[in-house]
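If you scroll down you'll find the structure; I have some questions about it.
All residue numbers in this chain count up from 1 along the given sequence. Because only heavy atoms are used, hydrogens play no part in the values below, and waters and symmetry mates are left out as well, while side chains stay in.
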Amino acid sequence: MRKWLIGGGVTALVAVLAVLIGLMTWEPFYAHQAEAPPERVYSAEIIRSEYGVPHIYGETDPDVAFGVAIAQSEDDFFTLQDVIAMSRGRYGAIAGEDGATFDYVYHLLDARGTAERKYPTLPEDTRALFEGYAAGLNQFAKNNPDEVKLANLFPVNGEDVAAGFVLRQPFFFGLANVIQPLVAGEPLRREFGPDIPGFPRDESGKVVDRKEQAGLLHPLPIGDDAQLLGSNAWAIAPEKSGGPTTLISNSHQPLRGSVAWYELVVESGEGWHYAGANLPGTPYPVLGHNRNLGWTYTVNRPDLVDVYELEVTTSPGIDGDDIMYRLDDEWLKLEAKTVTLPVKMGPVTLPIRRTVYRSVHGPVIKNDNGYFAIRYGGMDSVRPMDAFYRLGKSQSLEEWLGVYERLDIPNFNAVYADAEGNIAYIYNAAFPDRPEQDEVKANWRGILPGNRSDLIWEGTVEFDEIPKLINPDSGWLYNANNEPFTAAGAGSDLDPADFSPVLGVERKQTNRSRRAYKLLSEAALLDRETLERIKYDTAYERVGYVDDLFDALETLEVDGELAEARDLLLTWDFKADNEGRADALALLMIRDFMSAEYQNRATPDVEEKLSDAVSHLNEHFGRIDPPMSELLRLRQGDVDLPLDGGSDTLHASTTWQVDEDGRLGLVHGDSFIQWVEWKEGERVTSRSIQPFGAAITRPDSPHHTDQMQLFVDHELKPVHFWREDVIANAKRRYTVTNAP
């Protein structure tokens, strides 16, 4: 008996070990394998400036793209691999359950299928660019195998990069705000577009009790904190500046991770020459300037997503009951596909099976309430890959507008300036070409009936229907994640009555918008000194959520230390400038009220938030009025610097992580800043800054933290755009190639 037990135990142990080994090794072999890009020799010269910013030169554009991949890998291969894994549906094998969430969305949106079908339809030169970029990633991985996170992650090709574009793009206009509540079976969040005539909304559309989900370091803008992403952009005509045409790009992105900016300059023998920043996984800068023109972006929130509730039944099928949904008088089979999500848990990776669905409307999500299809602008398209490339090579306002007329880029406010003195603003969006209310009666701000084929729109509206301003009389344009109807000042602004409510243009303001509008309108001259004062403004207007907060504080009945804190807040000067006793307390209070307004959520409980803030300050500082500079910090490696600015101020310190010592380490706010000027008769010049440095994930590099002091001092460094300046300031110069 004992021998049998021992033998059985050994057999069981062997079986357990076999299973364990299988769980540790299965994922790389099961994963999608890409073919390497077509064989071609690439060569690029990389010149690093005194701050390590790469200036990448090549005979052809694909040579440059190869160099872009090498340069960014040298600085941040860690993050690039997250993006690559996401574009393969393998992020869960790196980031566990959180990563598997993105892999589910990858399959839900059919990112791979779209890339397989549509990537070959892109222009040949665009595909050549992306193949060159993929070749650069492969070359770096080949040369640095000890840095590769996952087996069989390389080689990659242009189709892989395309799958990443398909997946990431819709999240910048808020697709996560639809997918997350649908998966959870929760009410949809209230949209920012106007009510549809005949379908008024009330405040019940605001979500009250929902646990916030941080998502700042993920490869997609997802989670509640991600919805606070914002930016500022200004364009000033020469007659208003008293000198140069000026473009100021002031993007507010996470400071780290896969949606953080990376600065670079590209130049090729084919005429491509551009300075700006890209996101990991992108072979070109997507904002910045060339010789003749430049532009920048801010995130907008147009209504580009429609949700349909399907009427379903079951019907016997070959492999069991099929799910059927009704469309008009016909029953159609709901497409169903079982996918495997890798979920890393310690040393093993679990294969988790999930089913994704699709109808003629688009992707379908099943929850406890039924089946819901989603349809969104730019769905199943890889055209943004080509559009961003063409924008960078445009040389005039007409060429630049011509790219936007294609409506291939689904969203983003675009603010533009050029050497000819033109300025422009486009509330860019691939608005669905929805039928107007006199054709159909439908609530486009709510959940639509999925059994009506007349509500399944095709394509987008015409470019002429989209809000835009070119060379307004005011001489200035701006956007700070606000509605397009406050952009150029009184007498120059667009009228919201000129745009159909069915279109879904957002009606929203931010404190940054209110401050920018006021300061720009008041200034007789918008010269560099005035613009710098506006850019680094840290004040709040007592309007909207700020007014709600202080109205509540004025009537709040508390005693003891909470009363002391309330009274201190009521003395605040509404500036997050590190000069007032109430600044730290106000910083902790305001963010959640801003978040509620940004996301159309219910206003937080004032007493609860006040109590939390008081407790935090007492615990970590022993007082409720420490200098804000001791609370709010910019931290990287061994460098720890004080910050100013608040959530939703023009100089933005928007969100943070609470470190072990109780300090707030900034994770999202002012990030890449670029200031561009075209003076009459002179070549373009620009200055820029990043919060940390070029080598964001390379602690041993001198460029890991070398821009931090400049950043906190509100200073900019020169952009060496012209080759003679690049060479004069070069600290390292080398050639990269995949030649044998």
Side-chain angles (χ1 to χ4, degrees), residues 216 225 227-234 248-255 296 298-299 413 478-482 486 508-523 530-550 569 571-599 609 613 627-634 641-656 664-673 675 689 691 711-716:
L216 290 172
D225 279 350
Q227 305 314 312
L228 307 183
L229 300 184
S231 302
N232 303 323
W234 294 268
I248 305 172
S249 176
N250 177 205
S251 180
H252 301 164
Q253 286 288 106
L255 277 56
T296 187
T298 71
V299 171
N413 296 293
Y478 87 98
N479 187 266
N481 307 109
N482 51 288
T486 51
K508 179 181 115 177
Q509 291 292 346
T510 62
N511 178 73
R512 290 175 290 111
S513 170
R514 294 181 175 107
R515 287 294 296 170
Y517 195 88
K518 177 181 179 180
L519 296 173
L520 291 165
S521 297
E522 290 174 348
T530 303
L531 287 171
E532 286 178 347
R533 175 173 55 84
I534 295 172
K535 161 63 207 92
Y536 290 105
D537 180 73
T538 62
Y540 289 89
E541 294 293 311
R542 186 167 170 169
V543 183
Y545 65 86
V546 179
D547 192 42
D548 293 340
L549 168 58
F550 278 82
L569 278 171
T571 70
W572 188 45
D573 63 359
F574 293 92
K575 294 180 181 177
D577 56 6
N578 284 331
E579 295 183 8
R581 286 183 58 234
D583 284 5
L585 196 56
L587 180 76
L588 289 173
M589 289 290 292
I590 275 186
R591 186 184 71 169
D592 288 339
F593 288 83
M594 175 200 73
S595 175
E597 182 165 294
Y598 268 39
Q599 301 180 66
K609 295 299 179 183
M628 193 184 85
S629 58
E630 293 184 13
L631 175 66
L632 184 64
R633 313 293 292 184
L634 184 68
L641 299 174
L643 276 172
D644 59 347
S647 300
D648 200 19
T649 54
L650 287 170
H651 175 45
S653 299
T654 310
T655 62
W656 47 77
L664 311 179
L666 188 70
V667 296
H668 165 219
D670 272 11
S671 51
F672 177 66
I673 301 173
W675 192 300
I689 199 67
F711 182 83
V712 301
D713 290 341
H714 304 173
E715 295 183 12
L716 305 174

TODO: Output the distance between atom CD1 (I248) and atom CD1 (I673), rounded to the nearest 0.5 Å.
DONE: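 The distance works out to 9.5 Å.
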- [ ] Go through T571 and R581 one step at a time and tell me if the side chain to side chain contact (heavy atoms under 4.5 Å, CB included) criterion holds.
- [x] CA-CA 9 Å; T571 70; R581 286 183 58 234; 5.7 Å; no
Open item on the list: Ignoring hydrogens and geometry beyond distance, is a side-chain donor-acceptor pair present between T296 and S249 at under 3.5 Å?
Closed with: yes
TODO: Identify the heavy atoms of A516 and W234 that sit nearest to each other, and give their distance.
DONE: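 Shortest heavy-atom separation between A516 and W234 comes out as CB-NE1, 4.4 Å.
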- [ ] State plainly whether the residues R514 and D648 are in salt-bridge range, i.e. N to O under 4.0 Å.
- [x]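 Result for this pair is no, no salt bridge flagged.
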Open item on the list: Under a 3.5 Å threshold, yes or no: a donor from one side chain and an acceptor from the other, between N232 and N479?
Closed with: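 Per modelled atom types, N232 and N479 side chains form no pair under 3.5 Å.
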Open item on the list: Students often mix this up, so state it plainly: with edges at 30° and 60°, are the rings of W572 and Y540 parallel, tilted or perpendicular?
Closed with: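 The rings of W572 and Y540 sit tilted, inter-plane angle from 30° to 60°.
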- [ ] Working to the nearest 0.5 Å, report the span between CG of L716 and CH2 of W675.
- [x] 7.5 Å
- [ ] Decide whether S595 and Y545 meet the rule of one side-chain donor and one side-chain acceptor closer than 3.5 Å.
- [x]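 Judged by distance alone, the side chains do not pair up.
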Task: Beyond-backbone contact of N511 with M594, side-chain heavy atoms, under 4.5 angstrom - done: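 When only atoms from C-beta onward are counted, M594 and N511 do not touch, as no gap falls below 4.5 Å.
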Open item on the list: Looking only at the side chains, is there a donor atom on one of D644 and H714 sitting less than 3.5 Å from an acceptor on the other?
Closed with: yes
Open item on the list: What verdict does the side chain to side chain contact (heavy atoms under 4.5 Å, CB included) test give for L650 and I534, after you've listed the backbone C-alpha separation in whole Å, the side-chain angles of each residue and the deciding distance to 0.1 Å?
Closed with: CA-CA 7 Å; L650 287 170; I534 295 172; 4.0 Å; yes
Task: Side-chain H-bond candidate by donor/acceptor type, K508 with N482, under 3.5 Å - done: no
Task: Closest contact, heavy atoms only, A613 versus L585 - done: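 For A613 and L585, the tightest heavy-atom pair comes out as CB-CD1, 3.8 Å.
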TODO: Locate the shortest heavy-atom distance separating T298 from A233; write the atom from each residue and the value.
DONE: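 Smallest interatomic distance, heavy atoms only, reads CG2-CB, 3.9 Å.
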TODO: State, with a plain yes or no, whether a side-chain heavy atom of I689 is found less than 4.5 Å away from one of F672.
DONE: no
Open item on the list: Please check: side-chain N/O of D537 versus main-chain N/O of A539, any donor-acceptor pairing under 3.5 Å?
Closed with: yes
Task: Sub-4.5 Å side-chain heavy-atom contact between L549 and M589 - done: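 Yes; the side chains approach each other to less than 4.5 Å.
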- [ ] Hey, could you give me the CZ/CG distance between R515 and L520, rounded to the nearest 0.5 Å?
- [x] 11.0 Å
Task: Plane angle bin for F574 and F550 - parallel if under 30°, tilted between 30 and 60°, otherwise perpendicular - done: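 Rings of F550 and F574: tilted, as their planes differ by 30° to 60°.
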Task: N578 backbone acceptor or donor facing S629 side chain under 3.5 Å - done: no
Task: Heavy-atom donor-acceptor pair, T510 side chain to A480 backbone, under 3.5 Å - done: yes
Open item on the list: I want to check something: taking the side chain as every heavy atom from C-beta on, are D573 and D583 in contact at a cut-off of under 4.5 Å?
Closed with: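 SC-SC contact between D573 and D583 confirmed.
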- [ ] Measure the shortest side-chain to side-chain distance between L255 and V667 over non-hydrogen atoms and say whether it is less than 4.5 angstrom.
- [x] no
Task: Backbone of G645 reached by a side-chain donor or acceptor of T649 within 3.5 Å - done: no
Open item on the list: I need the minimum non-hydrogen distance between S513 and Y478, along with the two atoms involved.
Closed with: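 Looking at all heavy atoms of both residues, the shortest contact is OG-OH, 2.8 Å.
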Task: Validation row: L643, R633 side chains within 4.5 angstrom (heavy atoms) - done: no
Open item on the list: Nearest 0.5 Å, please: how far is NE2 in H668 from CD in Q253?
Closed with: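 NE2 of H668 is found 6.5 Å from CD of Q253.
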Open item on the list: With heavy-atom distances below 4.5 Å as the criterion, would you say the side chains of R512 and N481 are in contact?
Closed with: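 Yes, close enough: below the 4.5 Å cut-off.
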TODO: State, to 0.1 Å, how close V299 and N413 come at their nearest heavy-atom pair, and which atoms those are.
DONE: O-ND2, 3.6 Å
Open item on the list: Taking the side chain as everything from C-beta on, heavy atoms only, tell me whether S647 gets closer than 4.5 Å to F593.
Closed with: no
Task: H651 side, atom NE2; T538 side, atom OG1 - distance, nearest 0.5 Å - done: 8.0 Å
- [ ] Step by step, work out the side chain to side chain contact (heavy atoms under 4.5 Å, CB included) result for T655 and R591.
- [x] CA-CA 8 Å; T655 62; R591 186 184 71 169; 3.8 Å; yes
Task: D670-H252 side chain donor-acceptor pair, cut-off 3.5 Å - done: yes
Task: From L588 atom CG to L631 atom CG, the distance as rounded to the nearest 0.5 Å - done: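 Here the interatomic distance stands at 5.0 Å.
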Task: Over all atoms of both residues, closest heavy-atom pair of M628 and A576 - done: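 Looks like CE-O, 3.6 Å.
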